[in-house]
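Remarks on the structure that follows.
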Amino acid sequence: MISHQFYNSIGDDLYRGDWYKNDSWSLHYHRGYEFVWVLAGKLYATISNKDYVLSEGQALLITPYALHSLKTAADSEIFIAVFSGAYIDKFASSTALKEPIDASFTLSEPLSRYLRSQMLVAEEKRRHNSVRMQKPSQYAIKACLYAICDEFSSVAKWKDKEQNNELIFKIISYVEEHYAEDITLTTLADSLSYEYHYLSRVLRKNFNIPFRTLLNMCRCERAKEMISSTDLPLSDIASRCGFQSIRSFNRVFSEVTGATPTSIRKSNTII
């Protein structure tokens, strides 16, 4: 199932950098840019239906809302940074209506050394197969991200985004802004001034899911974040995320995430 990483879509100050070993991510999307760097071994990736096999020293720059999946080979290590386009506003605005034909590139040795010194500084001890890295300083983070964009731009070829992509962004933005409300595909069609059946076809073609499933995925991502980061009662979280009852919240949350709200709350309780 396609998932929306809601936590990687919020805020102009979004930045999270992590080291991973032997891990995988099924097909997903988010508003933030994503930089993926192979530190050792190999990485298998799919971005917008294009397959990649990357080796040590190679990287990917994944643009906002691009559908993608990642899987490392055995004994492989990667670094992933997800960040807001606000850090690279000039690059983001100049490429807003474009998408790269090839999202892969090879980092130069000088840039690799610089990124290691600024972005690969552990914030915490290793947790099984991952380590959270410190966020670089205010100016270093922009220097790193612009340097990445500069090397990528030197080899990248671009194409205009398909018209449907722009519509997809509008749909996702609408859902992210109104997920707590009682919205439907009819509401969406009226708000965006599109015909109901046309929007339904666009959603199924691009995500292979109906609008209700997309809405529930967004609601459950937000609910999961609130369960993990607050002490709010589950009934309050359900209401804030657009669910009409705790019963429907529990049912939909289990269907979407494969876990119950209670189990998520317990797993995040500090003993």
Taking the side chain as everything from C-beta on, heavy atoms only, tell me whether M119 gets closer than 4.5 Å to I141. no

Do S48 and E99 pair up side chain to side chain, a donor and an acceptor below 3.5 Å, judged on atom types alone? no

Residues two or more places apart in sequence or in another chain: which of them pass salt bridge (Lys or Arg N to Asp or Glu O under 4.0 Å) with R251? E255

Are D18 and S130 close enough that a side-chain donor and a side-chain acceptor fall under 3.5 Å? no

Would you please name every residue forming a side-chain contact (heavy atoms from CB on, under 4.5 Å) with A259, sequence neighbours left out? T257, S263, I264

Name of the residue among F83, W37, F35 meeting side chain to side chain contact (heavy atoms under 4.5 Å, CB included) with I148: F35

Checking S200 side chain against H197 main chain: does a donor-acceptor pair fall under 3.5 Å? no

Say whether, by atom type as modelled, one donor and one acceptor occur between the side chain of T95 and the main chain of K98 under 3.5 angstrom. no

Mind checking whether F105 and F152 have parallel, tilted or perpendicular rings, split at 30° and 60°? perpendicular

Evaluate the side-chain proximity of T46 to Y52: yes if any heavy-atom separation is below 4.5 Å, no if none is. no

Row check, Y174 ring normal vs K170 NZ/CZ: under 6.0 Å, within 45°: no

Specify the closest pair of heavy atoms between V36 and E34, including all atoms of both residues, with the distance to one decimal. CG2-OE2, 3.6 Å

Please report whether the ring centroid of F249 lies less than 6.0 Å from that of F253. yes

Among side-chain atoms of D23 and N129, is any donor-acceptor pair under 3.5 angstrom? yes

